[in-house]
Amino acid sequence: MAEKIVDALGEACPVPLIKAQNAIKEMNVGDILILQIDHSCAMKNVPEWARKEGHNVEIEEVDDGEWEIIIEKVK
Amino acid sequence: MAEVSNTETTGSSIKRSLSSRRRSSRKPKKNMLPYGIGLLVVIVIIGLLLSTKSGLLGFFWLTGIGFGFILQKARFCFTASLRDPYLTGSTSLTRAVLIAFAVTSIGFTAIKYGAYIRGLPIPGQGYVVPISLATVIGAFMFGIGMVISGGCASGTLMRVGEGFFMQVLSLIFFIIGSLWGAHDFGWWKLHFMLKGKAIFLPDIFGWFGAIVVQLLFIAFLYILAEKWENRKQA
Amino acid sequence: MDIRKNEFYKKWFKNAWTYVVGAILLSVFQIITLAVTGNPWGVSGVLANWGAWLYQAVGGSVDKWYYFSSEGAQKTLEAGFWNHGGSMRNLGIIFGALLATLFASQFKIKKIKSKKQVLAAVLGGLLMGYGARIGFGCNIGALYSGIASLSLSGWVFALFLFLGAMVGSKLLVKFFM
């Protein structure tokens with residue numbers, strides 16, 4: 001069960017989402033992706049995409065205007 | 001799309017390693033609400049000052065605040081609505097934009113028709129502009145620009161307010177580009193715009209027909225967007 | 001009592017609204033704007049005026065430019081920034097967004113990370129600025145307000161905006177990330 005941290009801080013849409021999609025593609029089932037973002041729009045479109053794909057998603061506000069999206073690859 | 005809104009900070013059920021977990025509980029979060037209230041006071045004062053000059057000026061200021069607040073809170077992004085169907089396969093924003101088009105069309109048509117039957121000049125006809133090669137090229141350039149800079153006109157302003165330095169830079173060059181475009185405007189007008197024709201849908205379909213055609217077309221696009229999203233998913 | 005735990009606060013000021021709520025509220029503001037000012041919402045035309053004022057500030061003159069030659073345009077330029085409704089509205093959008101982020105305790109300065117971002121912002125800004133002038137507006141004036149005004153130009157703009165966005169996406173993935 002590997003864990004991968006992807007830094008998308010300071011990146012505007014759609015870069016965080018594309019980074020997440022690319023990272024997930026190379027991961028195994030059960031692996032966890034931690035995507036660091038500070039773009040408020042990515043906080044909406046990344047979880048929306050991940051949930052639709054069927055992955056487990058959690059969002060944590062780690063600082064003012066800074067979030068970590070934790071995605072567990074399910075399939 | 002509705003369920004996304006109230007899940008911003010969820011409890012944790014995904015197990016993650018302690019080393020990465022520790023980072024997330026590092027410092028207590030600041031409460032920025034006092035700054036927000038301070039800014040609100042400044043906004044009200046500016047609004048009052050503008051209103052003493054002219055009520056309309058105060059109105060413009062107030063609606064600007066409203067537009068900015070709504071765009072930010074809803075993360076409403078015209079760029080994403082046009083980009084995501086192709087890039088990521090998501091159409092939830094596209095469908096929201098279509099809803100905005102439909103609702104605003106109804107309101108606008110009511111206002112315009114109201115003026116028309118009372119024999120008053122129809123407001124907002126300055127936005128019914130000729131269609132020419134300049135429209136095509138302009139829209140195409142704008143489409144490329146908004147995707148690579150990560151924000152359209154309203155989106156760029158909104159993100160300046162959110163604290164994006166990159167968008168401050170693109171706003172500066174948006175202004176420079178506008179000046180450049182204004183400088184060349186005469187040439188485009190002479191060669192293309194004058195040959196174009198402005199088409200106001202009620203002139204073709206009648207008032208009632210125009211709004212029906214418009215709403216049916218929007219509904220068609222909405223269904224298309226929904227189908228597209230599900231197709232991509234499968 | 002901690003307001004941050006208040007349900008009303010959380011719902012309206014802390015968490016994001018749904019896209020549909022945004023769509024409806026924007027529509028309401030659009031309709032009020034047309035009713036009160038006699039014109040729909042526009043953003044980018046104002047930015048051309050900002051350009052002209054800045055150009056004048058550094059000693060340039062736009063008086064001979066066709067775009068600014070009409071009496072109305074000249075009057076607007078003479079009256080200045082603080083008497084221009086559209087400018088106040090654009091400034092308001094920036095302040096409104098800032099207000100929303102502060103109320104949610106989510107403000108953060110996001111610095112530029114790479115040279116690629118600089119290039120993307122400069123090129124993107126120039127393309128949008130120029131494109132909006134010759135296309136009679138931006139995603140707001142030409143697209144949203146154009147379509148809602150029952151103008152066919154809005155739909156033509158939408159089609160080519162979409163095609164531009166496709167090309168932009170390709171460029172973005174290839175060169176800017």
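In the text below, chain A, chain B and the rest are named by the order of the sequence lines, each starting its count at 1.
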In terms of heavy-atom proximity below 4.5 Å to chain C, should [X] be classed as side chain, backbone, both, or neither?
| X | value |
| --- | --- |
| Thr156(B) | side chain |
| Leu171(B) | side chain |
| Phe59(B) | side chain |
| Ile37(B) | both |
| Leu221(B) | side chain |
| Lys73(B) | both |
| Leu56(B) | side chain |
| Pro130(B) | both |
| Phe192(B) | neither |
| Trp61(B) | both |

* To do: Could you look at Phe68(C) and say if it's the side chain, the backbone, both or neither that has a heavy atom under 4.5 Å from chain B?
  =>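 It is the side chain, since no backbone atom gets that close.
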Please report the shortest heavy-atom distance between [X] and [Y], naming the atom on each side.
| X | Y | answer |
| --- | --- | --- |
| Ala165(C) | Met146(B) | CB-CE, 4.3 Å |
| Tyr19(C) | Ala96(B) | CB-CB, 3.5 Å |
| Ile148(B) | Gly168(C) | CG2-O, 3.7 Å |

* Would you call the rings of Tyr144(C) and Phe78(B) parallel, tilted or perpendicular, where under 30° means parallel and over 60° means perpendicular? -> tilted
Heavy atoms of other groups near [X] [atom1], more than 12 under 6.0 Å:
| X | atom1 | value |
| --- | --- | --- |
| Trp53(C) | CH2 | yes |
| Phe220(B) | CZ | no |
| Tyr66(C) | OH | no |

What residue in [options] has the most heavy-atom pairs under 4.5 Å with chain C?
| options | value |
| --- | --- |
| Phe69(B), Phe140(B), Phe67(B) | Phe67(B) |
| His183(B), Gln125(B), Lys197(B), Gln167(B) | His183(B) |
| Ile176(B), Ile106(B), Asp184(B), Val97(B) | Asp184(B) |
| Phe108(B), Phe101(B), Phe165(B) | Phe108(B) |
| Ile43(B), Leu62(B), Thr135(B), Leu33(B) | Leu33(B) |

* Hey, could you give me the CD1/OG distance between Ile199(B) and Ser153(C), rounded to the nearest 0.5 Å? =>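 Rounded to the nearest 0.5 Å, the CD1-OG separation comes out at 9.0 Å.
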* Structure fact -> From the list Trp187(B), Trp188(B), Phe185(B), ring pair (Phe, Tyr, Trp, His ring centres under 6.0 Å) partner of Tyr67(C) resolves to Phe185(B)
* To do: Indicate yes or no: at least one non-hydrogen side-chain atom of Leu159(C) is less than 4.5 angstrom from one of Val136(B).
  => no
